[in-house]
K.L.:
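Sharing a structure below in structure tokens format, with a few things to ask.
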Protein chains: 2
Amino acid sequence: MAHLTVSVEYGLHCLLWLAGSGDKPLSSRDLADFQGISHSFLAKIFPKLEKAGIVQASGGVRGGYLLARAPEDISVLQIVDAIEGRKPLFDCQEIRGRCAVFGGAPPEWATDGVCAIHLVMLRAEKAMRDTLASQSLADIGQTVAKKAPSHFSSDVEGWITARLSGRLGKPSTSSSGEEVLS
Amino acid sequence: MAHLTVSVEYGLHCLLWLAGSGDKPLSSRDLADFQGISHSFLAKIFPKLEKAGIVQASGGVRGGYLLARAPEDISVLQIVDAIEGRKPLFDCQEIRGRCAVFGGAPPEWATDGVCAIHLVMLRAEKAMRDTLASQSLADIGQTVAKKAPSHFSSDVEGWITARLSGRLGKPSTSSSGEEVLS
DNA sequence: CATAATGCGGACAATATCAGTCCGCGTTAT
DNA sequence: ATAACGCGGACTGATATTGTCCGCATTATG
């Protein structure tokens with residue numbers, strides 16, 4: 001049928017963590033390591049979210065990203081559009097005007113308005129987009145929170161704190177945050 | 001967002017003509033020339049429609065394709081699936097299980113059931129597919145028929161008749177059916 | 001029976017997109 | 001001053017899309 005890219009998947013997962021984390025900025029490296037995904041690739045995604053006004057970037061040594069709005073005010077559709085760039089589901093080639101009986105000069109009634117096939121696809125696209133628009137980051141976060149046991153939240157916070165404190169000042173001899181996992 | 005291929009567009013336009021035409025089989029060459037699209041490419045699409053039971057093929061010299069069912073009983077979704085092969089909208093990478101605090105061994109509660117993000121995408125996909133399933137080939141045909149003037153139907157029939165009679169027996173000195181256009 | 005027009009399938013090619021890496025630039029807290 | 005950031009461009013490999021071309025089997029027509 002079609003394909004939402006892994007960029008969207010990565011972006012959504014990261015934004016979910018940003019929504020759950022507090023007001024401390026998380027860098028794209030933090031988020032990549034935390035989820036076991038490529039940092040180089042994730043670094044190409046976040047600027048798109050920033051330009052769309054979904055996250056707020058802060059440069060420098062303790063910089064990173066924060067949500068620019070409340071999770072309730074960020075819909076899945078906005079995230080998808082920010083990352084994928086609002087590609088239409090169907091790209092009508094206007095084949096109706098090429099019909100041989102028109103001899104290269106289709107009459108107005110044939111090319112007027114939206115192609116009937118295109119119309120069906122536009123309706124399908126709208127149905128999909130409406131569904132995505134109806135779900136917010138907060139909604140997804142709630143679904144996730146319902147499954148996690150109580151200690152998970154502090155586990156995550158522990159990992160993040162260890163990571164942030166290890167960012168600067170500590171020489172980090174071999175690996176700076178892995179021992180938290182055991 | 002995503003993309004329905006031109007194969008789907010070609011297929012839909014062809015099936016629309018097959019629905020309007022009578023019980024005479026139309027070849028993929030007829031349909032390609034009639035609509036100004038590539039015959040070689042169209043020839044790759046029709047076997048998929050045949051295997052899906054949407055059209056019926058007849059080989060040999062006067063062969064071609066007929067609809068295997070009434071246009072009312074062929075949904076747009078069936079056509080899309082037949083041509084594109086039921087690709088999911090979203091391909092979940094199960095990122096939730098890679099969270100660093102799990103240390104490579106995610107607990108059951110984390111990977112149980114469908115990922116919350118995946119769930120949203122499945123709902124969006126279902127909304128799209130439901131819309132496509134609700135529209136039949138006959139519905140689209142009706143939309144088109146409402147726009148066309150009364151003489152168009154006989155124009156088309158004339159082109160087809162000329163094309164079919166020119167298929168065999170006539171030496172076809174230069175071009176066999178173009179003068180119909182004038 | 002010979003032939004020409006079918007459908008079918010595989011091989012091939014050109015282009016685009018996706019996923020991911022790498023590097024250099026400017027910025028900023030320590 | 002430096003190290004950790006974000007940002008952007010160049011580059012690469014894999015895969016999908018859009019075609020083209022050829023050969024094979026089948027079948028109505030002459």
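Labels below follow one simple rule: chain letters A, B, ... track the order of the sequence lines, proteins then strands, and each chain is numbered from 1.
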K.L.:
Which nucleotide, dG7(C), dT29(D), dT18(D), lies nearest any side-chain atom of Val61(B)?
P.N.:
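Closest nucleotide among those given: dT29(D).
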K.L.:
Check the distance between dC18(C)'s C1' and Glu84(A)'s CD and give it to me in whole angstrom.
P.N.:
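So the CD-C1' distance, Glu84(A) to dC18(C), works out to 10 Å.
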K.L.:
Give a yes/no answer on whether the side chain of Lys87(B) brings an N or O atom under 4.0 Å of OP1 or OP2 in dT17(D).
P.N.:
yes
K.L.:
Take atom NZ of Lys48(B) and atom P of dT17(D), then tell me their distance rounded to the nearest Å.
P.N.:
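Rounded to the whole Å, the gap is 8 Å.
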K.L.:
Check every strand shown and say whether Lys51(A) touches a base, only sugar-phosphate, or nothing at a heavy-atom separation below 4.0 Å.
P.N.:
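Since only primed, P, OP1 and OP2 atoms lie under 4.0 Å of Lys51(A), the category is sugar-phosphate.
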K.L.:
Just by modelled atom types, is the Ser27(A) backbone N or O under 3.5 Å from a matching donor or acceptor in the Asp30(A) side chain?
P.N.:
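Yes; at least one donor-acceptor contact below 3.5 Å.
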K.L.:
In whole angstroms, how far is the P atom of dC8(C) from the CZ atom of Phe46(B)?
P.N.:
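For the pair Phe46(B) CZ and dC8(C) P, the rounded distance is 10 Å.
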K.L.:
With a 4.0 Å limit, can you tell me whether Ser28(A) has a side-chain N or O closer than that to the phosphate oxygens OP1/OP2 of dG6(D)?
P.N.:
yes
K.L.:
Students often mix this up, so state it plainly: with edges at 30° and 60°, are the rings of Phe90(B) and His118(B) parallel, tilted or perpendicular?
P.N.:
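Ring orientation, 0 to 90° scale: tilted.
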K.L.:
With sequence neighbours left out, write down each residue that passes side-chain contact (heavy atoms from CB on, under 4.5 Å) with Gln142(B), or none if nothing qualifies.
P.N.:
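Residues passing side-chain contact (heavy atoms from CB on, under 4.5 Å) with Gln142(B): none at all.
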K.L.:
dA5(C) P sits how many Å from Asp33(B) CG, rounded?
P.N.:
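Nearest whole value for this atom pair: 13 Å.
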K.L.:
Specify the separation, in whole Å, of atom CD of Gln56(A) and atom C1' of dC7(D).
P.N.:
16 Å
K.L.:
Which atoms of nucleotides 19-21 of chain D (N or O only) lie under 3.5 Å from a protein N or O atom, and what are those distances?
P.N.:
residue, atom, partner, partner atom, Å
dG19(D), OP2, Tyr10(B), OH, 3.1
dT20(D), OP2, Ser38(B), OG, 2.2

K.L.:
Expressed in angstrom and rounded to an integer, what is the separation of Leu42(A) atom CG from dG8(D) atom P?
P.N.:
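Result: 15 Å.
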K.L.:
Are the side chain of Lys147(B) and the backbone N or O of Asp112(A) linked by a donor-acceptor pair below 3.5 Å?
P.N.:
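Yes.
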K.L.:
Among the candidates dA4(D), dA28(D), dC7(D), find the nucleotide nearest to the side-chain atoms of Arg62(B).
P.N.:
dA28(D)
K.L.:
Scan side-chain atoms only and decide if Glu94(A) and Thr111(A) contain a donor-acceptor pair under the 3.5 Å cut-off.
P.N.:
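Glu94(A) vs Thr111(A): no donor-acceptor pair found between side chains.
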K.L.:
Return the value, rounded to whole Å, for the distance between atom CG of Leu164(A) and atom C1' of dA29(C).
P.N.:
13 Å
K.L.:
Is there a path of hydrophobic side-chain contacts, each under 4.5 Å between heavy atoms, that joins Leu66(A) and Tyr10(A)?
P.N.:
no
K.L.:
What residues join Leu119(A) in its hydrophobic cluster, counting side-chain heavy atom gaps under 4.5 Å, either direct or through other members?
P.N.:
Val114(A), Leu122(A)
